[in-house]
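Working notes for the structure below.
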Amino acid sequence: MCGIVGAIAGRNVLPILMDGLQRLEYRGYDSAGVAIRDAAGELLRFRALGKVSVLKELVDRSDIAGDLGIAHTRWATHGAPSERNAHPHMSGVRVAVVHNGIIENHRELRDRLLALGYTFTSETDTEVIAHLLAHKLEGGRDLYAAVVEAAAELDGAYALAAASPEDPDRIVVTREGSPLVIGLGEGENFIASDVAALLPVTRRFIFLEEGDVAEVRRDGVTVCDGDGIEVVREIKTSELSSASIDKGLYAHYMLKEIYEQPAVIAETLEGRIHKGRLLEASFGHETTALLDKARHIQIVACGTSYHAGMVARYWMEEFGIPCSVEVASEYRYRKVVVPEGSLLITISQSGETADTLAALRGSRANGYIGSLTVCNVPESSLVRESDVCFMTRAGTEIGVASTKAFTTQLVALRLLAIALARRKELSTAQEEAMVNELHALPRQIEVVLQLADAIKTMAEGFVDKHNALFLGRGAFYPVALEGALKLKEISYIHAEAYPAGELKHGPLALVDESMPVVCALPDDPLLEKVLSNLQEVRARGGELFLFSDHKVNVGLDHYQNLTLSDIYPGTAPIVYSIPLQLLAYHVAVLKGTDVDQPRNLAKSVTVE
Ligand code: G6P
């Protein structure tokens, strides 16, 4: 989604802004722009369709410099991707604004501003903010008052930053529904939609809260809350380093992140298990108290995180813990009947997904005993607004297609399932076995990663295909869903996942020689059933691409198969996800698509 970066300093901030935009590229965008106050005190604007590198060429050719600026990467919502829809939006030369979010009452505001004589040059909802601010400035307000008054008239979600040559010593920012951070420097200060943009210039951050309005000057920052009262927000030091979001020697972030999985899974387990048992003390007293009370689990999430939740449901119900899972965009608008003793668990890599956050906020009146988030970003809105959190420790994930965040979510959920099972019927021996399985994961995944070359060869079978079908039963149905999502996201091959038992209820009609069918075949009680579904595929000429346990006798007439050894049933969904990630990656590389920033997609979906 859109990215914001801004700076006010005693030096030329253009390199900081351009570097910040490049660091925000991973969020997904289609155009970029910057507005900078030059030595003459004028706001100059540059915008370009496409990559930040295109904007950079434009900026480099202009030879300008300035000590105050705001910049933006846009992910189109209102109005197609184009130069004139790119931010910053300006009202004449009076004010420039960058915005992340959606202004729901933009039509009404636009009509009002048109009647006042303002001219619109874009189809965006953001341009109304620029003109609204100009109108307030014309009415004698200073930039700060203009932002406060304008924000009061906006309905919807926003994080925005405004700059005006008439008010040269500050950038004014506000947020409601979309994240915004202030980075603190020495005699210079910065703003951004996430810390990643600013890591080369600072590690000290203020995370603005809902409704906050802040004035960012060279010599300091003043924050007021939604009631206009000056507040002191905590300064947090980010543990992320600039190097931690480097691609290193890998061709793509996604590949790097796939290979990081053994390490980040070990990191997610660190301190949470001890002497073969779960170390519940590490969860924190509040979390264990909530788990004590939980009689039913409601999981809510989006995308890959939703698939992690679907796997977790199998794990929880195996131990008699009732569990429901739903995508946040449906859950938030449904009348929900919450069984007594329900614990809400949200799952999110970013902690900023608009629908998941709205589901959490909307759940407060629903009688839950509390909310727990499984999240990867400590300073995120979900972490701040949930009663308790259980952090995955995947590190920054840059590739839009989630990999290491997914498997660490599964590890976190498995730990929570063990904790809940302890309160039911789990024996010490069972717990030790489950913990042992988790311990073995990094080593097992290292072995699976060695299949990469063979998977690359397998990937050749997909390059000229337009469709693919992924099948699975039990916890391997969500694994199939995740495998199909990875393939479609980055290779643009239409991929569907089906519970293997549903094959005969529709998808079998699609199967012929041009339909690759992908399936994980762990050695589990549903194996024979899945094998007979695969027979049905073969009988229609479908081409099979399998990842099976080495003990499995596939016994079909024709297929490609890679085997995995010594995988435990409890953690098998985690291990079998790895070859599916590698398959999608290699198909995308062979097809030459933009692996890390697939078209139309965003890493963090901060609007609905
Ligand atoms: C986007 C990303 C996915 C992610 C989903 C949910 O669609 O591209 O990778 O799974 O959002 O994001 P979250 O941050 O809540 O896990």
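When a ligand or atom number is given, it counts from 1 through the structure's own listing order. The residues of the chain are indexed from 1 along the displayed sequence.
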Original post:
Can you name the salt bridge (Lys or Arg N to Asp or Glu O under 4.0 Å) partners of Asp387, sequence neighbours left out?
Top reply: none

Subject >> Where Trp315 and Gly570 come nearest, the two heavy atoms and their spacing >> reply: NE1-O, 3.2 Å

Original post:
Does a side-chain heavy-atom distance below 4.5 Å link Tyr331 with Ser363?
Top reply: yes

Put together the list of close N/O pairs, under 3.5 Å, between ligand 1 and the protein, could you?
from: ligand 1; atom 1: 8 (O); to: Val400; atom 2: O; distance (Å): 3.4
from: ligand 1; atom 1: 8 (O); to: Ala602; atom 2: O; distance (Å): 2.9
from: ligand 1; atom 1: 9 (O); to: Val400; atom 2: O; distance (Å): 3.0
from: ligand 1; atom 1: 10 (O); to: Thr304; atom 2: N; distance (Å): 3.0
from: ligand 1; atom 1: 12 (O); to: Thr353; atom 2: OG1; distance (Å): 3.3
from: ligand 1; atom 1: 14 (O); to: Ser348; atom 2: OG; distance (Å): 3.3
from: ligand 1; atom 1: 14 (O); to: Gln349; atom 2: N; distance (Å): 3.4
from: ligand 1; atom 1: 14 (O); to: Ser350; atom 2: N; distance (Å): 2.8
from: ligand 1; atom 1: 14 (O); to: Ser350; atom 2: OG; distance (Å): 2.6
from: ligand 1; atom 1: 14 (O); to: Thr353; atom 2: OG1; distance (Å): 3.4
from: ligand 1; atom 1: 15 (O); to: Ser348; atom 2: OG; distance (Å): 2.6
from: ligand 1; atom 1: 15 (O); to: Thr353; atom 2: OG1; distance (Å): 2.5
from: ligand 1; atom 1: 16 (O); to: Ser305; atom 2: OG; distance (Å): 2.5
from: ligand 1; atom 1: 16 (O); to: Gln349; atom 2: N; distance (Å): 2.7

**OP:** Go through the structure and list residues passing side chain to side chain donor-acceptor pair (under 3.5 Å) with Glu257, not counting sequence neighbours.
**Re:** none

Original post:
With a distance cut-off below 6.0 Å to the six-membered ring centre and an angular limit of 45° from the axis, does Lys247 pair with Tyr253 as a cation-pi contact?
Top reply: yes

**OP:** Give every residue pair that meets the side chain to side chain donor-acceptor pair (under 3.5 Å) criterion with at least one member in residues 491-500, sequence neighbours excluded.
**Re:** Asn467-His494, His494-Glu496

